[in-house]
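Here is the structure we will look at, set down as structure tokens.
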Amino acid sequence: MDNKHLPAADRLLHWYDRHHRHLPWRISPAAARRGAHPDPYHIWMSEVMLQQTTVAAVKAYFAKFTERWPSVMDLAAAPTEDVMAAWAGLGYYARARNLKKCAEAVAFEHGGIFPDTEAGLRALPGIGDYTAAAVAAIAFNRQAAVMDGNVERVISRLYAIDAPLPGSKPLMKARVAELTPADRPGDFAQAMMDLGATICTPKRPTCALCPFNALCVALATDEPERFPVKAPKKAKPIRLGAAFIAVDREGRILLRKRVESGLLGGMTEVPTTGWTARADGVTDISAAPFAADWQPAGSISHVFTHFELRLSIFRVGPIDPPPDHHGFWVPVTELDGQALPTVMKKAIAAAIPTAFPTSNR
DNA sequence: CACACGTGGGA
DNA sequence: TTCCCAAGTGT
């Protein structure tokens, strides 16, 4: 049947019923149409994990978290250190700290029940405009305008919006609100994101298969890949430093806990110098955790969001632990239980190649 | 409003 | 290799 006359939302939902992705935290659109709701705990956790993170990377973490902490009450009762260690490797560690805070707020201030409105959700730690709308729409079928990076791409092409992000966000949000149906807002939100992830992709979109192709202004008048227009990005500076891998006679490595705020906040680290912006190549080992016969053990490079870090690695041991230092000693065979971010695993692996036998390279 | 804040994968 | 990202939030 010719459905060109259908409103945009109906075209999208028709496409979604046939081509939706199957994801562990979802229920099927067929079940949703029968009035079923997904577990708000699962939707919330998946949305937080998916912030700036790929579906492929999230799947294993989602399985691990929901198996270990099946309910928000379980997560609220968990030691923060366990949550940080379980999150290690996923990045943006403020999300893990706020995940725990949010679980505590839901457990102890809301009786273990997630708020079912956008405003109620928005007041919780780690839940911003996007996540509040997404959980309200997907978990509670509220008519909330859900806009993430996928939706921005779809909308900017559908209307050929020339104004650059992020300034054009309010305009695009208004367009999303116009399109969002009262009937199936949760499926509509997931459909927009599936469309952006599988059809309306950043490069080489598959417009021939798009339910919006007859409506898309960018496709009709321009080059869809040109949208969304974004402000130019800044160059990434390089910072230098040194990391110190000390091993004692019992095969333990010296670790420290980073301060709660800022980069890698609350995570575990090996002792390092400060990370300076100087580019003279001088390595300052005077900041070693203690005086010892530190031996060069190569170097690593790691790219953060806003700078690249190059660390010279130094190693010493087996030694007797000196009495005067702060930190704690952990067997090299038990590092998996530590909240070690990827950059720290790289530093350790450079000095002790056998430290992480399961990882590649 | 601009910037801080991780990581691994694809082109 | 280099660049660009991928379901943003907090300050």
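The sequence lines fix the lettering, A, B, ..., with proteins before strands; numbering per chain opens at 1.
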* Asked: In whole angstroms, how far is the P atom of C:dC5 from the CG atom of A:Leu165?
  -> 11 Å
* To do: Tell me what A:Trp87 touches on the nucleic acid: a base, only sugar-phosphate, or nothing, going by heavy atoms under 4.0 Å.
  => nothing
* Determine the interatomic distance between P on C:dT11 and the same-named atom on B:dG6; round to the nearest Å. => 14 Å
* To do: Decide if the gap between the ring center of A:Tyr61 and the ring center of A:Trp87 is smaller than 6.0 angstrom.
  => no
* Map A:Gly128 and A:Thr53 onto DNA chain C by nearest heavy atom, then report which one ends up closer to the 5' terminus. => A:Thr53
* Asked: Is the side chain of A:Arg157 donor-acceptor paired with the backbone N or O of A:Pro224 at a distance under 3.5 Å, no angle test?
  -> yes
* Contact class for A:Gly167 (heavy atom, under 4.0 Å): base, sugar-phosphate, or nothing? -> nothing
* Asked: Rounding to a whole Å, what distance do you find between A:Leu263:CG and B:dC3:P?
  -> 17 Å
* Can you check the A:Met84 CE to B:dT7 P distance for me, whole Å? -> 11 Å
* To do: Rounded to the nearest angstrom, tell me the gap between atom CE in A:Met344 and atom P in B:dG6.
  => 11 Å
* To do: Remember a base hit wins even if backbone is also touched, and classify A:Leu264 as base, sugar-phosphate or nothing at under 4.0 Å, heavy atoms.
  => sugar-phosphate
* Report yes if at least one side-chain N or O of A:His306 is closer than 4.0 Å to OP1 or OP2 of B:dC5; otherwise report no. => yes
* **C1'-based separation of C:dA6 from B:dC5 [nearest Å]** => 15 Å
* For the residue pair A:Val270 and A:Met344, establish whether any side-chain heavy-atom pair is separated by less than 4.5 Å. => yes
* Nearest whole angstrom, please: distance from the C1' of C:dG10 to the CG of A:Leu99. => 16 Å
* Is A:Asp17 salt-bridged to A:Arg184, going by a charged N under 4.0 Å from an acidic O? -> yes
* Asked: Quick one: is A:Tyr93 getting a side-chain N or O under 4.0 Å of the B:dT7 phosphate, OP1 or OP2?
  -> yes
* May I ask you to say what A:Leu23 touches in the nucleic acid, namely base, sugar-phosphate or nothing, with a heavy-atom cut-off under 4.0 Å? => base
* To do: Measure from NZ or CZ of A:Arg175 to the centre of the six-membered ring of A:Tyr159 and say whether it is under 6.0 Å with the direction within 45° of the ring axis.
  => yes
* Asked: Counting any heavy atom closer than 4.0 Å, what does A:Val151 reach on the DNA or RNA strands: base, sugar-phosphate only, or nothing?
  -> nothing
* Asked: Within less than 4.0 Å of OP1 or OP2 of B:dG6, is there a side-chain N or O belonging to A:His302?
  -> no
* So what does A:Gly89 touch, heavy atoms closer than 4.0 Å: a base, only the sugar-phosphate, or nothing? -> sugar-phosphate
* To do: Mark yes or no for a side-chain to base donor-acceptor pair under 3.5 Å between A:Tyr92 and B:dG6, with no hydrogen or angle criteria applied.
  => yes
* **A:Gln51 CD - B:dT7 C1' separation (whole Å)** => 15 Å
* Check: A:Gln338/A:Asp336 side-chain N/O donor and acceptor closer than 3.5 Å -> no
* Base, sugar-phosphate, or nothing for A:Arg21, non-hydrogen atoms under 4.0 angstrom? -> base
* Asked: Over how many whole Å does the gap from A:Phe307 atom CZ to B:dT7 atom P extend?
  -> 10 Å
* A:Lys203 side chain N/O closer than 4.0 Å to the phosphate oxygens (OP1, OP2) of C:dC4? -> no
* To do: On DNA chain C, check which nucleotide each of A:Gly126 and A:Arg26 is closest to and give me the residue with the more 5' one.
  => A:Arg26
* Can you tell me the distance, in whole Å, between the CZ atom of A:Arg204 and the P atom of C:dC4? => 19 Å
* Is there a donor-acceptor contact under 3.5 Å from the side chain of A:Arg97 to the main chain of A:Glu260? -> yes
* To do: Determine the contact category for A:Val146: base if any of its heavy atoms lies under 4.0 Å from a base atom, sugar-phosphate if only primed atoms, P, OP1 or OP2 are that close, otherwise nothing.
  => nothing
* Measure from the side chain of A:Gln52, starting at C-beta and using heavy atoms only, and say which of B:dC5, B:dT7, C:dA6 lies closest. => C:dA6
* To do: Give A:Pro341 one of three labels, base, sugar-phosphate or nothing, depending on what nucleic acid heavy atoms sit under 4.0 Å from its own.
  => sugar-phosphate
* Structure fact -> Of the candidates C:dG8, B:dT7, B:dC3, the side chain of A:Asp148 sits closest to C:dG8
* Under 4.0 angstrom, heavy atoms only, what part of the nucleic acid is A:Ser46 near: base, sugar-phosphate, or nothing? -> nothing
* Structure fact -> From the candidates C:dG8, B:dG6, C:dC5, the one with an atom nearest any side-chain atom of A:Thr305 is B:dG6
* So what does A:Lys233 touch, heavy atoms closer than 4.0 Å: a base, only the sugar-phosphate, or nothing? -> sugar-phosphate
* To do: Output yes when at least one side-chain N/O atom of A:Lys230 is less than 4.0 Å from OP1 or OP2 of C:dC5, else no.
  => yes
* At under 4.0 Å between heavy atoms, what does A:Lys169 touch on the DNA or RNA strands: base, sugar-phosphate, or nothing? -> nothing
